Structure formats: structure tokens, C-alpha cells
Amino acid sequence: MPSRSQPAVPLWELAQLGRLPAHQAMDQPTLTWIARHRPEQAVRTVAVADLPVLLVPEATWFTSGQAADGIHGVRHNARVCLLAALLAQHYRLEGDQAAALCLAAAVHDCRRRDDRADPGHGRRAAAWLSHHHPAVTTAFGLDLSAESVAAARTAISLHDVAYPAFSPAQHRAYRRAEPVTDLLKAADCLDRYRLALPRWWPDTSRLRVSVPSWLHGVAADLMLHSEQAHLDGASHHDALTHARQIISRLP
């Protein structure tokens with residue numbers, strides 16, 4: 001696969017000008033800029049001994065090919081799955097709960113219409129999973145109970161809603177899927193190092209779970225290496241496989 005042509009104006013410059021387009025794909029100047037400005041908290045200090053599960057969603061599950069390749073597309077969802085699996089290990093989440101978390105992470109943004117706030121995209125993705133979960137779980141090799149799929153749907157539907165904004169019905173649903181929802185929000189937050197302005201990078205103060213400090217470095221490396229591999233011509237799956245191997249050893 002040949003490397004992609006680069007835009008006339010990179011995302012990091014458009015972000016500074018307040019002119020980001022509705023659909024955004026990583027470009028080499030922006031990735032280089034992010035790597036150069038990597039914060040101290042995102043320097044990796046831990047090698048991940050037990051490689052996390054890798055669930056790479058299919059591009060056809062997204063609203064368009066443009067969405068699948070964008071900053072909320074296949075690679076973002078797969079990285080959030082990897083980070084969610086690491087958080088599940090850290091919090092000793094096991095069995096169906098851990099699998100429900102990884103399922104939710106792998107498809108949480110699949111119904112986005114653009115790369116801006118896109119209110120309601122979590123609710124749309126949860127509805128999509130309601131109709132497609134047999135095909136999705138089969139593709140991922142998962143055998144989940146109806147209760148676990150329901151927990152994944154709830155977490156997806158709430159991942160883009162701030163905790164203080166939960167309606168009474170959303171709060172009741174959250175209580176039935178609290179660990180999965182909390183860890184999905186945390187994993188999604190950790191992949192924000194891909195965004196074009198430092199003020200958009202992870203702000204864990206809004207989470208209800210503590211994120212171990214070493215995960216910031218892992219998250220940054222997962223993003224940098226998978227995006228670079230894809231820019232160099234690797235498929236989504238190969239780019240993520242490469243990045244997962246990178247975090248298994250220290251630089």
C-alpha cells in the first residue's frame with residue numbers, strides 16, 4: 001500500500017487557526033509536531049509484558065470510508081480497545097465484563113458523522129451494535145451473554161456524555177454498567193494524544209477512575225507508532241500489530 005499524499009495545510013496548523021475540517025485524517029507534519037511536543041507525563045517508562053487483546057473493527061462498520069480512516073476511525077477504536085484491555089487488567093476486570101469493555105471500545109465511534117463533537121454519536125453506535133452484535137461478536141471471536149452485550153451498548157451510549165449531564169434514565173443505565181462505562185471513558189481519554197492541540201490531550205480530572213501514570217506513555221507510543229506505520233503504507237491491522245509489539249519493550 002503506497003503512503004498517502006499529504007494535505008496542503010496540516011491539521012496542527014488548521015487547529016491553531018480554528019479551521020479544522022469536519023473530516024480529519026492524520027498527516028505526517030501533524031504527527032511529527034505531536035511527537036516533538038510530547039509532554040513529560042507521556043514519556044514511556046514501562047514495557048507491557050502481557051500484550052493486550054487487539055480487536056480491529058472493519059472499515060465497513062463505519063459511516064463512510066472517510067470516517068474509517070479519520071482520527072475517530074478504525075485505528076482510534078482499536079487503540080482504545082488495547083488501552084481498555086490494559087485498564088481491565090489494572091482493575092482486575094475479568095471474563096465477560098472485560099470482554100464487554102473491549103467490544104464497546106472497538107466500535108464506540110463507528111457511527112460518527114464527522115470528527116467534531118458530533119452529539120449523539122454514542123447513542124447511534126449503541127443502536128448500531130444492537131442490530132449488528134451477532135456479526136460483530138463473531139468477527140471478534142467473542143461469545144458474550146445478552147447481559148454483557150447490553151453493558152457494552154450502555155457504555156457506548158454514554159461515552160460521549162459528561163457525567164454531570166446524565167439524565168435520570170442514563171444514570172440508572174450507568175449504574176448497571178458502571179465499570180465498563182468508566183473504563184471505556186478512561187481508555188477513550190488516553191488516546192487523545194492524537195489530537196492537534198495540546199489542550200485537547202488527556203484530561204483525567206473528568207474521569208471517575210484513576211489512570212496509572214505509566215499508561216500515558218503507552219498511549220502516546222501506541223498512537224505515534226500505529227499512525228506512523230499507517231502513514232508509511234501499513235494496513236490498519238498491521239499498523240496496530242506493529243504498535244502493540246513496540247509497547248512490549250522499552251525504547
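Excluded from the calculations below are hydrogen atoms, water molecules and symmetry mates; all remaining heavy atoms, backbone and side chain alike, are included. What you are looking at is a predicted structure, and each value in this text was computed from that prediction instead of being measured.
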Enquirer: To the nearest 0.5 Å, what is the distance between NE2 (His37) and OG1 (Thr32)?
Expert: 11.5 Å
Enquirer: Should Arg38 and Asp221 count as an ion pair when the cut-off is N to O under 4.0 Å?
Expert: yes
Enquirer: Is a donor on one side and an acceptor on the other found under 3.5 Å between the side chain of Lys185 and the backbone of Ala155?
Expert: no
Enquirer: Can you establish whether the number of heavy atoms outside Arg175 located under 6.0 Å from its atom CZ is more than 12?
Expert: yes
Enquirer: Go through the side-chain N and O atoms of His23 and Asp115 and say whether any donor and acceptor fall under 3.5 Å apart.
Expert: no
Enquirer: Taking Asp118 first and then Arg124, would you say they form a salt bridge - that is, a charged N and a carboxylate O separated by under 4.0 Å?
Expert: yes
Enquirer: Just verifying a value: how many Å separate His133 NE2 and Phe140 CZ, rounded to the nearest 0.5 Å?
Expert: 14.0 Å
Enquirer: Quick one: CZ on Phe62 to SG on Cys110, what's the gap to the nearest 0.5 Å?
Expert: 6.0 Å
Enquirer: Under the criterion side-chain contact (heavy atoms from CB on, under 4.5 Å), which of Leu86, Val211, Val80 is the partner of Leu190?
Expert: Val211
Enquirer: Would Leu11 end up clustered with Val74 when hydrophobic side chains under 4.5 Å apart are linked, directly or stepwise?
Expert: no
Enquirer: Starting at CD of Gln228, measure out to CE of Met26 and round the result to the nearest 0.5 Å.
Expert: 10.0 Å
Enquirer: Parallel, tilted or perpendicular, judged at 30° and 60°: which one describes the rings of Trp12 and Trp33?
Expert: parallel
Enquirer: Looking at Thr154 and Ala173, what are the two nearest heavy atoms and their distance?
Expert: CG2-O, 3.5 Å
Enquirer: Taking the inter-plane angle between the rings of Tyr174 and His171 on a 0 to 90° scale, is it parallel (under 30°), tilted (30 to 60°) or perpendicular (over 60°)?
Expert: tilted
